[in-house]
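Presented below is the structure to which this report refers.
Each ligand, and each atom within it, is numbered from 1 in the order the structure gives. The residues of the chain are indexed from 1 along the displayed sequence. On a predicted model such as this, the values are computed, not experimentally measured, just so you know.
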Amino acid sequence: MACPSSPVDGVIRSLEECLLPLGFEVYPFKVGWYNRQLSASFHLPYPDDTLAVVVLSVPGMFEKAFIPFLKAHSGGGLQDYIDQCTAHCITSAVNTCFSGQQVDISYDYEMHPNRKPKFLAQTAAHVAGAAYYYQQSDIPDQPWDTKMFGVCIHPKLGGWFAIRALLVFREVQAGLELQQTAPVDCVRSREQRIDLLERFNRRWQDGTYRDIITPEERYSQQQRDYFWTAPGERIALLKQWGYLTTESQSETQGSELSHG
Ligand code: B12
């Protein structure tokens with residue numbers, strides 16, 4: 001939480017003005033909060049007080065940003081269309097609001113040459129107070145002897161969101177005005193947490209992990225149809241819906257993760 005009229009508050013207000021209407025949420029944090037949780041190989045190379053912002057896409061993004069983006073850029077491209085749309089929205093917002101400032105942008109799908117993600121989206125969402133990151137290690141006396149991936153749950157949206165980008169404002173050092181807020185722990189019992197990780201790891205395709213709490217909003221039917229379609233077949237769906245011209249190129253297999 002930042003106090004009104006601080007430099008941090010100015011950054012967040014400008015970003016929200018551009019990105020909220022497009023179906024994104026933004027949450028500030030200090031790089032030090034993030035680095036403190038991670039092993040050194042994942043650290044972000046900035047001083048501890050540097051202002052960072054994690055950007056989430058929420059259900060409305062599909063209708064407010066993605067469909068209009070397709071209509072305007074229906075010539076097609078080589079990357080995942082959702083990733084292209086996110087990059088377009090975020091770079092436009094940064095260029096409009098912070099021209100001349102040094103803002104480093106990393107996307108959830110970007111990897112370093114050593115194949116490590118540019119940033120760990122779930123840790124960022126947790127330390128920023130956006131969505132609680134439930135990990136295997138949080139469960140006492142856990143029933144599994146295999147690795148179970150952790151999952152973030154948003155207090156209002158359950159699992160109906162994605163963590164899209166990290167912005168680092170190199171020149172903005174946040175002081176005492178930015179205080180860390182703990183994310184809301186909405187999956188409290190051991191049994192519920194086990195159920196959550198089972199759903200996320202063993203049955204993620206059915207999407208029921210997203211409903212581990214009753215969300216205020218879910219993806220629209222059209223958005224579900226899009227994400228529930230295999231990445232290689234999405235282009236055909238978009239053409240069928242009339243959002244792409246028949247000349248549009250196929251999405252690459254390169255978009256291997258294709259996270260919704
Ligand atoms: C690689 C990847 C995959 C891989 C491997 C999964 C994995 N988690 O490693 C595969 C392809 C399997 C995959 C699949 C899916 N993924 Co995926 N994936 C990623 C990606 C790109 C990187 C994850 C990663 O490599 N982490 C590295 C490991 C080492 O991190 P870690 O386990 O968190 O370990 C760190 C923490 O434990 C931390 N730590 C230690 N102690 C503490 C304490 C605290 C309090 C905190 C906060 C942290 C912390 O330190 C460790 C590192 O030192 C992220 C996006 C991103 N850039 O982060 C999405 C992401 C995790 N995936 C996501 C999703 C949704 C999926 C899928 C459902 C696919 C889909 N339809 O979208 C499936 C389901 C998962 C499954 N059942 O397998 C979402 C999760 C959203 C959420 N609500 O949490 C993400 C965040 C993408 C997004 N855009 O939102 N994914």
Side-chain angles (χ1 to χ4, degrees), residues 24-25 27 29-44 52 54-59 61-62 80 82-83 85-87 90 105-112 114-139 144 146-167 180-187 193 196-213 215 218-219 223-231 234 253-260:
F24 295 95
E25 289 182 352
Y27 297 87
F29 66 93
K30 292 183 189 178
V31 165
W33 302 348
Y34 172 95
N35 284 348
R36 247 202 311 280
Q37 298 295 351
L38 298 172
S39 44
S41 63
F42 288 107
H43 283 184
L44 295 170
V54 62
V55 183
L56 313 187
S57 61
V58 300
M61 189 273 273
F62 194 83
D80 180 284
I82 286 280
D83 291 347
C85 167
T86 304
I90 292 174
I105 309 177
S106 311
Y107 297 101
D108 63 316
Y109 53 85
E110 289 185 316
M111 304 288 154
H112 289 295
N114 63 8
R115 306 288 296 154
K116 278 191 196 294
K118 287 253 173 100
F119 78 103
L120 296 188
Q122 295 161 306
T123 294
H126 185 99
V127 300
Y132 200 106
Y133 184 25
Y134 294 97
Q135 305 190 65
Q136 188 170 15
S137 53
D138 291 335
I139 297 172
W144 311 286
T146 51
K147 162 88 186 153
M148 298 291 271
F149 297 125
V151 57
C152 284
I153 296 297
H154 185 292
K156 295 196 170 135
L157 300 170
W160 298 94
F161 71 102
I163 308 159
R164 299 290 179 187
L166 172 79
L167 312 183
Q180 189 163 15
T181 357
V184 180
D185 178 2
C186 44
V187 185
R193 289 179 180 192
L196 173 63
L197 294 200
E198 293 271 353
R199 293 188 201 192
F200 186 68
N201 284 266
R202 310 246 155 98
R203 303 189 295 277
W204 64 268
Q205 293 91 338
D206 70 16
T208 60
Y209 78 87
R210 298 181 193 259
D211 283 331
I212 194 76
I213 59 164
R218 297 182 172 91
Y219 292 172
Q223 180 166 192
R224 282 185 229 189
D225 291 344
Y226 182 78
F227 283 125
W228 272 225
T229 298
R234 289 176 183 173
Q253 310 80 337
S255 176
E256 58 204 70
L257 298 175
S258 187
H259 283 108

Give yes if a backbone or side-chain nitrogen or oxygen of Gln135 is under 3.5 Å from a nitrogen or oxygen of ligand 1, and no if not.
yes

Those atoms of ligand 1 less than 4.0 Å from some heavy atom in Ala121
56 (C), 58 (O), 86 (C)

Under 4.0 angstrom from ligand 1, any heavy atom of Tyr209?
yes

Using a strict 4.0 Å threshold on nitrogen-to-oxygen distance, state whether Asp211 and Arg199 make a salt bridge.
no

Of Phe149, Tyr134, Phe200, the one whose closest heavy atom lies nearest atom 77 (N) of ligand 1 is Phe200

Distance under 4.0 Å to a non-hydrogen atom of Phe119: what atoms of ligand 1 satisfy this?
56 (C), 57 (N), 58 (O)

Under 4.5 Å between any side-chain heavy atoms of Tyr134 and Val187, yes or no?
yes

For ligand 1 and Arg164, I'd like to know whether there is a polar contact (N/O to N/O, distance under 3.5 Å).
no

Is there a heavy atom in His154 that sits closer than 4.0 Å to ligand 1?
no

For Tyr27, check ring pair (Phe, Tyr, Trp, His ring centres under 6.0 Å) against everything at least two apart and list the hits.
none

Considering the heavy atoms of His126, write down every atom of ligand 1 situated less than 4.0 Å from one of them.
45 (C), 47 (C)

Once side chain to side chain contact (heavy atoms under 4.5 Å, CB included) is applied, do any residues pair with Gln122, and if so which ones, sequence neighbours excluded?
Tyr133, Cys152, Ile163

Using heavy-atom distances, let me know which of Ser106, Cys152, Ser39, Gly158 sits nearest atom 82 (C) of ligand 1.
Cys152

Verify ring pair (Phe, Tyr, Trp, His ring centres under 6.0 Å) between Phe227 and Tyr219, making sure each step is shown before the conclusion.
CA-CA 10 Å; Phe227 283 125; Tyr219 292 172; 5.7 Å; yes

Within the structure provided, determine whether Thr86 and Phe24 are in side-chain contact (heavy-atom separation under 4.5 Å).
yes

Any carboxylate oxygen within less than 4.0 angstrom of a Lys/Arg side-chain nitrogen, looking at Asp185 and Arg193?
yes

Given Phe161, Tyr133, Phe42, which one has a non-hydrogen atom that is nearest to atom 31 (P) of ligand 1?
Tyr133

Please examine the side chains of Arg164 and Met61, heavy atoms only from C-beta on, and report whether any two atoms are closer than 4.5 Å.
yes

Decide if the gap between the ring center of Phe62 and the ring center of Tyr226 is smaller than 6.0 angstrom.
yes

As an exercise, identify every atom of ligand 1 less than 4.0 angstrom from a heavy atom of Val151.
82 (C), 83 (N), 84 (O)

Just jot down the ligand 1 atoms closer than 4.0 angstrom to any heavy atom of Met111, in number order.
21 (C)

Consider every N or O of Leu120 and every N or O of ligand 1, then say whether any pair is closer than 3.5 Å.
no

Is the shortest N/O to N/O distance between Asp108 and ligand 1 below 3.5 Å?
yes

